[in-house]
There are 2 protein chains.
Amino acid sequence: MRIGELAARAGTSTDTIRFYEKVGLVAGRRLPNGYRDFPPETVEWLHYVRTAQLLGFSLAEIARTGEQLRDAPDTAAALSALFREKIAVIDARMAELAALRDDLTARADTGCPLRPASPEGNTGPRRATVSSSPGRP
Amino acid sequence: MRIGELAARAGTSTDTIRFYEKVGLVAGRRLPNGYRDFPPETVEWLHYVRTAQLLGFSLAEIARTGEQLRDAPDTAAALSALFREKIAVIDARMAELAALRDDLTARADTGCPLRPASPEGNTGPRRATVSSSPGRP
DNA sequence: CTAAACCCTGGAGTACGCTCCAAGGTCAAG
DNA sequence: CTTGACCTTGGAGCGTACTCCAGGGTTTAG
């Protein structure tokens with residue numbers, strides 16, 4: 001399929017797809033007239049890209065995944081391993097989220113700080129309240 | 001506390017903190033000599049900023065949260081509400097992650113697409129395979 | 001007094017992820 | 001053969017979030 005249709009199906013712009021091609025996120029052959037021609041599964045791939053991006057993965061990271069997918073031997077085992085690896089990354093992200101959630105929950109329950117404090121009572125001593133300024137070399 | 005100590009405690013750089021001040025993410029008074037002086041809870045706040053950022057919130061969004069916090073009446077209720085709101089966002093993110101995870105799991109189990117496919121069988125018809133190109137005005 | 005560590009400002013530069021544009025080629029329909 | 005939708009390239013520009021630097025002031029220790 002050509003770039004316009006791919007863009008429409010993936011809910012993005014032709015400009016974005018050309019940009020993605022430039023950074024190695026999608027690849028297609030060329031028709032005799034020079035037009036790009038993408039395989040249909042690129043639509044799925046672009047949906048995946050969008051999602052992964054929203055979840056905080058950079059285009060570079062996603063492109064790396066794509067390469068791994070391309071390079072992986074056709075065995076189901078290799079693919080499964082790759083996916084499991086990605087799942088592990090996702091689990092790590094989820095753990096981070098869970099940690100923040102716990103933190104916020106705790107604050108919501110107690111009185112929590114985080115606020116600039118209404119009355120200003122603390123100007124602080126002029127020098128080193130904390131002794132942890134190592135002085136960088 | 002001055003900017004250097006704040007940076008060290010928050011695990012960031014003085015440059016970043018000055019930048020954050022410029023965009024309204026942190027605020028501090030000035031000492032007579034012109035040095036910035038931040039209240040101690042700014043450390044906590046910066047930790048929150050870092051985490052929220054990792055979760056995909058922009059600095060502008062986070063700054064808005066900060067304003068809401070400042071404007072909120074002193075009631076712990078307002079804070080709790082704000083945090084609960086954030087928690088809801090986090091839960092949504094986690095659900096998305098879980099969905100992506102399931103998707104990957106399914107692909108790992110089955111044969112999945114997403115890959116460019118070895119043999120190229122589909123060049124596609126020359127014009128509009130899909131009728132969803134509205135043609136923009 | 002000097003050196004070192006800290007602070008200030010303003011502005012330039014960087015990386016990422018697009019987005020827009022100009023100038024021009026291709027193709028099917030009228 | 002013309003029109004118009006579609007495609008090509010290359011390059012400029014933009015918003016976000018820093019990052020670095022030059023040039024200079026302040027404070028304390030030796």
Side-chain angles (χ1 to χ4, degrees), chain A residues 1-26 28-38 46 49-64 66 123-137, chain B residues 1-26 28-38 46 49-64 66 123-137:
Chain A
M1 105 186 45
R2 288 178 317 184
I3 197 168
E5 190 191 338
L6 176 59
R9 288 214 201 202
T12 183
S13 71
T14 56
D15 269 336
T16 296
I17 290 172
R18 285 193 203 98
F19 172 74
Y20 282 178
E21 190 190 52
K22 204 182 321 189
V23 299
L25 213 60
V26 298
R29 10 170 288 176
R30 293 300 181 116
L31 297 173
N33 61 10
Y35 289 9
R36 288 171 183 83
D37 181 38
F38 297 97
L46 285 177
V49 169
R50 187 70 53 254
T51 312
Q53 223 186 334
L54 284 175
L55 295 175
F57 298 97
S58 72
L59 294 190
E61 284 174 304
I62 301 168
R64 237 171 288 137
T123 294
R126 254 62 202 253
R127 218 154 250 285
T129 305
V130 74
S131 50
S132 65
S133 301
R136 355 170 178 152
Chain B
M1 118 186 29
R2 288 178 318 185
I3 197 169
E5 190 191 337
L6 177 60
R9 287 213 201 202
T12 183
S13 71
T14 56
D15 269 337
T16 297
I17 291 172
R18 285 192 203 100
F19 173 74
Y20 282 177
E21 189 188 53
K22 205 182 319 188
V23 299
L25 213 60
V26 297
R29 8 171 292 177
R30 293 300 180 117
L31 297 174
N33 61 9
Y35 289 11
R36 286 169 184 83
D37 182 37
F38 297 97
L46 285 177
V49 169
R50 191 51 72 249
T51 313
Q53 225 186 332
L54 284 175
L55 294 175
F57 298 99
S58 70
L59 294 189
E61 284 174 304
I62 301 168
R64 237 171 288 137
T123 292
R126 254 56 199 258
R127 217 152 256 285
T129 305
V130 76
S131 52
S132 63
S133 302
R136 356 173 176 151

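Just so it is clear: chains get the letters A, B, ... in the order the sequence lines come, proteins before strands, and each one is counted from 1. Side-chain atoms are counted along with the backbone in the values below, which use heavy atoms only and exclude waters and symmetry mates.
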### Message
Nearest whole Å is fine: how far is dC7(C) C1' from Glu5(B) CD?
### Response
14 Å

### Query
Got a sec, which residues hit side chain to side chain donor-acceptor pair (under 3.5 Å) with Thr51(B), two or more places apart in sequence or on another chain?
none

### Base versus backbone protein contacts along nucleotides 8-15 of chain C [heavy-atom cut-off under 4.0 Å; B, S, -]
SB------

### Task
Check side chain to side chain donor-acceptor pair (under 3.5 Å) between Arg50(A) and all other residues, then give those that pass, not counting sequence neighbours.
Gln53(A)

### Task
May I have the distance from Leu54(A) (atom CG) to dC16(C) (atom C1'), rounded to whole angstrom?
16 Å

#### Entry: Phosphate OP1/OP2 of dT19(C) contacted by Thr16(A) side-chain N/O (<4.0 Å)
yes

### Summary
Between CZ of Arg2(A) and P of dC7(D) the distance, given in whole Å, is 5 Å

### Contacts of Arg18(B) that satisfy salt bridge (Lys or Arg N to Asp or Glu O under 4.0 Å) - sequence neighbours left out
Asp15(B)

### Beyond-backbone contact of Arg2(A) with Arg36(A), side-chain heavy atoms, under 4.5 angstrom
no

### Query
Is a donor on one side and an acceptor on the other found under 3.5 Å between the side chain of Asp37(B) and the backbone of Met1(B)?
yes

### Summary
For Ser13(A) and Ala7(A), the nearest pair of non-hydrogen atoms, with its separation, is C-CB, 3.7 Å

Please tabulate, one pair per line, each protein N/O and nucleotide N/O from nucleotides 14-17 of chain D that are separated by under 3.5 Å, including the distance.
unit_1  : atom_1 : unit_2   : atom_2 : d
dA17(D) : OP1    : Leu59(B) : N      : 2.9

### Task
Name all residues meeting the salt bridge (Lys or Arg N to Asp or Glu O under 4.0 Å) criterion together with Glu61(B); count only those two or more places apart in sequence or in a different chain, and write none if there are none.
none

### Query
Between Ile3(B) and Thr14(B), what is the shortest heavy-atom contact and its length?
CD1-O, 3.5 Å

#### Entry: Separation of atom CZ in Phe38(A) from atom C1' in dT8(D), rounded to whole Å
12 Å

